[in-house]
Each structure stands twice: as C-alpha cells, then as structure tokens.
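Accompanying notes for the structure given below.
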Amino acid sequence: MTFASLGLIEPLLRTLEALGYQTPTPVQAEAIPAVLKGRDLMAAAQTGTGKTAGFALPLLQRLTLEGPQVAPNSIRALVLVPTRELAEQVQQSFLTYGEHLPLRSYAVYGGVSINPQMMKLRKGIDVLVATPGRLLDLYRQNAVKFAQLQTLILDEADRMLDLGFSRELDDLFAALPSRRQTLLFSATFSEAIRQMAGELLRDPLSIEVSPRNAAAKSVRQWLVTVDKKRKSELFLHLLRKNRWGQVLVFAKTRKGVDELEGELLRNGIRADAIHGDKPQPTRLRALQRFKDGEVQILVATDVAARGLDIDDLPLVVNLDLPIVAEDYVHRIGRTGRAGASGEALSLVCADEVQLLAAIEVLTGQTLRRVEEPGFEPDHRVPATDASGQVLKKPKKPKQKKDPGGKVHLGRWFDNDEKPAAKAVRKAPAFGKGPAKGAPKGGKPKKP
Ligand code: AMP
C-alpha cells in the first residue's frame with residue numbers, strides 16, 4: 001500500500017517522500033481515508049505507531065481543498081493535547097507535513113505569556129494545537145472564535161481526563177459548533193473515555209490497531225528489586241556497569257527528579273531534567289538537548305510520559321513506578337518507537353508492590369525480575385503476577401482511597417498542566433508525608 005493509494009494530494013506526497021516515509025503505518029492506512037471522507041474517528045493506537053500523521057495528513061488535505069479562508073481570530077481545526085511538550089511536538093508535525101501547503105498552524109499552552117498568543121491569533125489560524133486550560137482562557141478573552149471550526153481532534157484524550165481537564169473540556173465542547181468532524185485518539189481507552197466518545201462522536205469509525213492497554217511488543221521489559229533508599233545508587237551502578245547510552249528516567253515527584261539530576265551531575269554525568277516546576281522554555285530546552293544528544297540522561301516526571309517522540313531512544317528507566325498503571329504503558333512507549341526495539345527497566349521497592357501488580361494486570365504480563373548483586377533488598381518485594389492476586393489482599397490502613405476506583409491506587413500528576421486559576425494540589429509522596437532529607441523548596445535549578 002502507498003500513501004498515493006490512500007488519496008493524498010501531491011504536495012503531501014512530496015513531503016512524505018522527502019521524509020522517507022514509504023508505506024503508511026496500520027493506523028495511518030485506516031485513519032487517512034476515513035478522515036478524508038469526513039468521518040468521525042475513535043482510534044486506539046500504541047504510542048510510536050504514527051498516529052500524528054494519521055490525523056495531520058488528511059486534516060491538512062481537507063483544510064487545503066475545502067472550506068473558506070480563515071477569518072480573523074478564527075480557527076478551522078483544533079487539536080487538543082494534554083501537555084505543553086506534546087503541543088509543541090504536534091505543532092511541529094503540522095509544520096513538517098504541511099510544508100508545501102498554504103496553511104497556518106500554531107500552538108498555545110499555559111506557562112508562557114498569553115499576549116503573544118493573542119497577537120498571533122488575530123490573523124486567524126488554520127490549525128490550532130492547544131492545551132485545554134490556556135485555550136479556555138483565550139476563548140474567554142475573545143482572542144479565539146470557533147464559528148469556523150470544522151474539525152476537532154482530541155489527542156491523548158485519556159491523559160487529559162487523568163490530568164483533571166474534564167471541566168475545561170466540557171466548557172470547550174459547549175462552545176464549539178456541533179456540526180463538525182471529531183477525531184478522538186488515545187493509546188489507552190478507559191470507560192470514561194468511551195463515554196465521552198459516545199457523547200462527542202457521530203457514527204465513528206473505530207480503529208484499534210493494537211490490543212487495548214498493551215505495552216509496545218518491541219520493548220523488552222524487566223525489573224530490579226531494591227530498597228527504596230538505594231534506588232539512585234543502583235541507577236548509577238547499572239549505568240556504569242552496563243555502559244548505557246541515552247536514558248530517559250522517570251521519577252514520581254519533582255523532588256525525586258531534582259535529587260537524581262543533582263546526583264548525576266555531581267558524578268560528572270551529563271543530565272538534565274523536566275518537571276512542572278521548571279519554566280516552559282527550560283523544559284523545551286532540556287528536551288531539545290536530550291534529542292540532540294548533548295545530554296545523556298533526561299530525568300522527568302510524567303510530564304514527559306506521553307506523546308514525546310525521541311528518535312532511537314534505547315532505554316527507559318522507571319526510578320519509581322507510576323501511580324496510574326496506564327502511565328507505565330506511556331512511559332515505556334518512549335522507546336521502541338517506529339519499529340525500533342527498546343528496553344524498559346523499573347527499579348521496584350517493597351512499597352510499590354501494589355503498583356507493580358496493577359501494571360502487570362493492565363498489561364497482562366508478569367515482568368521479569370532480577371536482583372542485582374550487592375543491591376538485594378532488605379525489604380523483600382512480594383511476588384506478583386498478571387492475575388493481580390496481590391491486589392486482592394486487604395490494603396494497609398494508611399493507604400489513601402482513590403475516588404476514581406480504577407486499577408491504580410491513587411492519583412498523582414504533575415499538575416502544572418492545570419489552568420492557573422485552579423488551586424495547585426501538591427503532589428503527594430505516595431502514602432507518606434514529605435520525604436525526609438529532601439532539599440528545601442525554592443527555585444528549580446537551571447540546566
Ligand atoms: P507518532 O506515533 O505519531 O508520534 O510517530 C512516531 C514516529 O514515526 C515519528 O518519528 C514519525 O516521524 C514516524 N513515522 C510516522 N509515520 C511513518 C511512516 N509511515 N513511515 C515511517 N516513519 C513514520
């Protein structure tokens with residue numbers, strides 16, 4: 001199958017040829033013709049399967065061939081994404097794929113000044129990529145009008161709900177024209193998302209190119225059991241012993257990220273960090289330095305878990321397991337992209353056994369366990385498997401109740417993605433008070 005046989009126009013085909021894309025990926029093969037026909041879509045695809053081009057290519061084509069010129073302060077297509085990094089990345093994809101087309105695209109998100117965004121919107125934008133909170137601010141200040149909107153795309157829709165954007169989304173949906181095309185993309189589909197899809201989509205084509213909630217098959221996954229206090233030490237040891245190249249490391253909290261980054265820098269290792277306390281330009285620069293190979297280790301909270309596309313990333317390490325089991329799938333999806341193979345290692349301590357069990361249940365596989373000589377844990381991590389037996393045991397009284405009642409055991413998110421007007425919830429250290437010996441708060445270090 002070729003891109004030409006899917007009905008794409010010549011300027012797009014020329015771009016794809018220049019990019020070296022020879023054949024459409026499965027999600028593209030299904031999505032492109034359906035979107036060109038104007039159908040609604042509900043697509044579940046693994047990360048790294050090419051879903052961005054799956055919606056960007058046919059959308060760019062429709063915007064080129066159909067509809068009026070964009071009016072001042074108007075937009076013709078809206079792509080909602082959960083994080084600022086993803087907004088930049090998706091916008092970049094629109095710029096790349098639309099190179100030979102006379103369309104304007106732009107990204108808006110919080111954490112940076114709103115004024116330049118308002119100025120930019122004045123002329124009108126064909127494709128606006130946005131995080132929900134900032135878009136709602138712009139809408140309320142009349143900087144953006146939706147009357148011309150013909151297509152709405154929700155990318156990583158489940159993540160938007162996880163980040164607590166459901167109120168903003170409801171307000172936005174109420175402001176959008178009801179006659180429109182809607183495409184909903186997500187790597188995982190919870191019941192809440194299916195319900196949202198039921199309300200938003202009209203006779204959608206369902207695409208599921210991979211099993212629900214499956215981790216990318218091309219990623220070799222394993223774990224090392226270790227005591228909590230020795231995790232950073234173990235990471236450094238494994239880094240040296242295995243002569244790792246570039247590694248993306250996920251930690252649960254901003255504090256945890258800063259601590260590991262500091263430890264690595266003290267040991268002369270080129271490291272940088274991304275989390276919600278860092279200003280947006282610093283976050284983007286850290287990501288760029290990592291992508292350019294200037295930095296060997298990028299340490300991040302779940303801000304970086306979804307959507308980021310890093311070429312040839314061989315290894316993802318979970319210094320801490322994610323609180324929401326679905327995030328595991330997203331984190332490890334940063335490696336093994338576009339057909340390459342990858343490796344995902346988790347350092348697991350006894351406190352995390354239930355998180356581990358939830359991940360194994362979700363992915364339907366028992367992770368291979370290894371003990372590293374010299375790092376055998378004093379606090380044994382109880383055996384787990386994909387049956388979730390451990391989850392059925394009574395919970396510790398100290399454990400917080402999860403109002404969502406899902407497989408995961410609480411909610412934690414890097415809540416800077418929330419609109420500024422909302423009270424900022426501190427990220428709780430799971431089931432515990434603030435970590436002892438943690439550095440005092442204050443300004444994040446500049447990379
Ligand atoms: P995505 O899942 O949209 O983030 O895309 C993952 C990676 O696959 C990106 O680096 C794309 O540039 C690349 N890609 C997308 N579609 C194709 C294709 N048909 N052939 C080769 N590479 C692709």
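A quick note: this is a predicted structure, and the numbers were derived from the prediction, not measured. If you read the sequence from its start, that first residue is 1, and numbering goes on from there. One-based numbering, in listed order, for ligands and for the atoms of each.
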Verify the neighbour count for atom CD of Q22: are there more than 12 heavy atoms of other residues, nucleotides or ligands below 6.0 Å?
no

Counting only heavy atoms, which portion of F55 has something under 4.0 Å from ligand 1: side chain, backbone, both, or neither?
neither

Under a 4.0 angstrom heavy-atom cut-off, which atoms of ligand 1 come close to F3?
19 (N)

Please tell me whether R331 and N318 have a donor and an acceptor in their side chains that are separated by less than 3.5 angstrom.
yes

Are any of the N or O atoms of G50 closer than 3.5 Å to those of ligand 1?
yes

Result of checking L80, V108, V81 against V129 for side-chain contact (heavy atoms from CB on, under 4.5 Å):
V81

Mind telling me whether F146 and Y139 have parallel, tilted or perpendicular rings, with 30° and 60° as the class edges?
parallel

Using a heavy-atom cut-off of under 4.0 Å, does the side chain or the backbone of T23 touch ligand 1, or both, or neither?
backbone

Answer yes if the side chains of E360 and T366 hold a donor-acceptor pair under 3.5 Å, and no otherwise.
no

Strictly below 4.0 Å, N to O, side chains only: are E85 and R283 in salt-bridge contact?
yes

If you measure every N/O of Q22 against every N/O of ligand 1, is any gap under 3.5 Å?
no

Do Q89 and ligand 1 have an N or O pair less than 3.5 Å apart?
no

Atoms of ligand 1, numbered as shown, that sit under 4.0 Å from any heavy atom of T52
1 (P), 3 (O), 4 (O)

